[in-house]
Structures are given as C-alpha cells and as structure tokens.
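Residue numbers start from 1 in every chain, and the chains themselves are labelled A, B, ... in the order their sequence lines are given, proteins ahead of strands.
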There are 2 protein chains.
Amino acid sequence: MRAEALKGHLDGLLLATLEGGPQHGYAIKEALRESTEGHIDLPTGTVYPALHRLERAGLISGSWSVVGGRRRRTYELTAEGRKALSDERDSWQEFAGAVTAALGTRPWPATS
Amino acid sequence: MRAEALKGHLDGLLLATLEGGPQHGYAIKEALRESTEGHIDLPTGTVYPALHRLERAGLISGSWSVVGGRRRRTYELTAEGRKALSDERDSWQEFAGAVTAALGTRPWPATS
DNA sequence: CGCTATAGATAGCGATGCTATGCATGGGAG
DNA sequence: CTCCCATGCATAGCATCGCTATCTATAGCG
C-alpha cells in the first residue's frame with residue numbers, strides 16, 4: 001500500500017482497534033496488521049505519535065502498567081473517542097463512496 | 001468531507017476525470033464536483049498545482065488554447081497516465097478494502 | 001554473549017492539499 | 001455604464017501528518 005494513502009484515516013483505524021477493549025500500542029499495531037491481512041502494517045514511529053495525538057485530543061486515555069518487566073501504556077476509548085469513531089465511520093463511507101464514484105470503479109468489493 | 005482525507009488519492013481522481021477525454025483545469029474541477037454530487041469540491045489552489053505535478057511526472061500533457069478571449073490549458077492523459085490510473089484503481093481497491101475491514105464497517109455501500 | 005521480539009519514544013523530513021491572494025476576461029444586474 | 005460574479009489560471013506560504021532513522025530497555029533463546 002502506498003505510504004501516503006493513509007493520511008487522515010489513521011486515527012479512525014486506531015480508534016476502531018481499541019473498540020474491542022483496551023490495548024497497548026504494540027498490540028494495536030499487531031491487531032491492525034492481522035485484521036487487514038498485512039495490508040496495514042504500521043511502523044512504530046507512526047503508531048506512538050498518533051496515540052499521543054489521540055490522547056491529547058481526549059479521544060483515548062492511557063495508563064501505565066508493568067508486564068514482565070516491560071512498561072506498557074494501555075489505552076482505552078473515551079466517550080469522546082467513541083463519538084469520534086462513529087464520525088470517522090460515517091466520513092469514511094462518504095469519502096470511499098465519492099472516490100469510488102469518481103474513479104469509476106465498481107463499489108467495493110469488485111467481484112465482477 | 002474532511003480536508004486532509006484526500007491525501008494521496010487526488011492524482012487518481014484527476015486522472016480518472018481526464019479518462020473521458022481532454023479537459024482544462026476548471027472543467028476538471030467541475031466535473032469532479034458533479035460526478036461526486038458535491039462531495040469532492042476542490043479549491044483551485046489544489047487543482048492547478050496538482051495538474052502541474054502530474055504534467056511534470058509525465059502522466060498528462062497540456063497545451064494552451066484561447067477560448068472566448070480566455071486562455072486555457074487543456075490536458076490529456078499520456079500512455080503513462082493511463083497506466084498510472086490503472087495502478088491507482090488497484091491500489092484504491094486494496095486500500096479501501098483494508099480500511100473498511102479495519103474499521104469494521106460493512107463493505108461499501110452499506111445499505112443495511 | 002549476541003540476536004530477536006517486545007515495548008515505547010522522538011527528531012527531522014518530505015509530501016501534499018489548503019488558504020489567501022493575485023491577474024485577466026466576459027456577461028449580466030443595476 | 002459600472003460593478004460584481006463566474007470563469008480561468010497561478011503562486012507563496014502554511015499546516016498536517018505519516019515515515020525513516022535512531023535510541024532506550026527487557027526477556028528469552030541459541
């Protein structure tokens with residue numbers, strides 16, 4: 001996947017991954033990789049700053065813990081984050097629909 | 001539509017609009033607005049630099065003409081541009097599929 | 001002891017779309 | 001006749017944001 005394609009959609013993906021329950025950064029990255037069959041495999045230098053951004057924005061809240069001698073920051077969705085995720089889903093539908101229409105491709109998935 | 005969402009997908013949209021035949025910048029902008037029912041309404045400050053970029057990249061070729069006293073730069077797809085458009089469509093399918101999967105939304109369109 | 005996986009972090013960069021602004025012409029409103 | 005708007009093109013400067021490269025640290029395995 002082209003690197004820059006993600007711009008503006010990363011936040012929604014992270015929020016969606018946290019919807020299933022609290023996770024720490026590394027686990028989020030892995031979960032995203034697995035749920036997309038390797039298509040979305042974020043470098044850690046993308047994940048951590050993005051989580052900081054989301055926390056500053058109040059969409060997620062983090063807390064430190066120590067597991068197996070390693071410190072972990074576990075994040076969970078805030079109420080605001082759930083709202084934002086819902087908005088992201090709506091705007092993704094709109095965006096994907098508009099781009100699909102403009103590109104002249106069949107609505108996803110193209111099975112024909 | 002959120003402004004930054006377009007990042008990385010603009011080129012494909014412009015190329016797709018030119019697929020139906022040569023167009024000048026302003027007409028491309030209008031065609032895109034109409035084909036997406038107003039969802040994608042690009043400011044001219046986005047369109048013209050993007051066209052210059054595509055021309056520099058050899059994906060489109062432009063020529064000046066004068067219509068009604070106004071000068072126009074009409075662009076058309078090059079062979080390379082057609083190839084790039086095809087690639088864009090593939091990568092859009094892949095990207096949209098991955099994001100849709102990760103967001104946990106139904107494949108577009110969500111009619112349920 | 002070194003390598004790898006796990007876990008987190010940051011500086012600096014580059015790409016790219018947007019805002020604001022400018023120029024120019026033609027046509028319609030007043 | 002004059003002003004404003006739509007058309008048409010253009011650029012400077014900005015802001016955003018994901019990536020690369022690099023760093024720290026621990027646990028476990030060979």
Separation of [N] [atom2] from [X] [atom1] (nearest whole Å):
X       : N      : atom1 : atom2 : answer
B/Leu42 : C/dG17 : CG    : P     : 9 Å
A/Leu10 : D/dT16 : CG    : C1'   : 13 Å
B/Asp41 : C/dG17 : CG    : P     : 16 Å
B/Ile40 : C/dC18 : CD1   : C1'   : 15 Å
B/Leu6  : C/dA15 : CG    : P     : 18 Å
B/Arg72 : C/dT25 : CZ    : C1'   : 12 Å
B/Leu54 : D/dA10 : CG    : P     : 13 Å
A/His9  : C/dT16 : NE2   : P     : 14 Å

Before accepting this row, confirm whether a basic side-chain N of the pair B/Arg89/B/Glu94 lies closer than 4.0 Å to the acidic partner's carboxylate O.
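No, no charged N to carboxylate O under 4.0 Å.
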
Any carboxylate oxygen within less than 4.0 angstrom of a Lys/Arg side-chain nitrogen, looking at B/Lys83 and B/Glu88?
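Looking at B/Glu88 together with B/Lys83, the answer is no, because their closest N to O distance does not fall below 4.0 Å.
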
Hey, which of these two, A/Pro49 or A/Arg70, hits DNA chain D nearer its 5' end, going by closest nucleotide?
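The answer here is A/Pro49.
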
What pair of heavy atoms forms the shortest contact from A/His9 to B/Phe95, and how long is it?
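It is CD2-CZ, 3.8 Å.
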
What nucleotide among [options] has an atom nearest to a side-chain atom of [X]?
X       : options               : answer
B/Thr46 : D/dC19, C/dG17, C/dA7 : C/dG17
B/Tyr26 : D/dA10, D/dG8, C/dA5  : D/dG8
B/Pro43 : C/dT16, C/dT19, D/dC9 : C/dT19

What's B/Gly69 touching, base or sugar-phosphate or nothing? Going by heavy atoms closer than 4.0 Å.
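Result for B/Gly69 = sugar-phosphate.
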
Within the 4.0 Å heavy-atom criterion, would you say B/Gly68 contacts the bases, only the backbone, or no part of the nucleic acid?
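Sugar-phosphate only.
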
Looking only at the side chains, is there a donor atom on one of A/Thr74 and A/Trp64 sitting less than 3.5 Å from an acceptor on the other?
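The answer is no; no qualifying pair exists.
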
Check whether any side-chain nitrogen or oxygen of [X] sits under 4.0 Å from OP1 or OP2 of [N], and answer yes or no.
X       : N      : result
A/Tyr48 : C/dA9  : no
A/His52 : C/dT10 : yes
A/Arg53 : D/dG18 : yes

Heavy-atom donor-acceptor pair, A/Thr44 side-chain to C/dA9 base, under 3.5 Å:
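Such a pair exists between side chain and base.
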
Is it the case that more than 12 heavy atoms not belonging to B/Glu37 sit under 6.0 Å from its CD atom?
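No, CD of B/Glu37 has 12 or fewer neighbouring heavy atoms, counting only those of other groups under 6.0 Å.
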
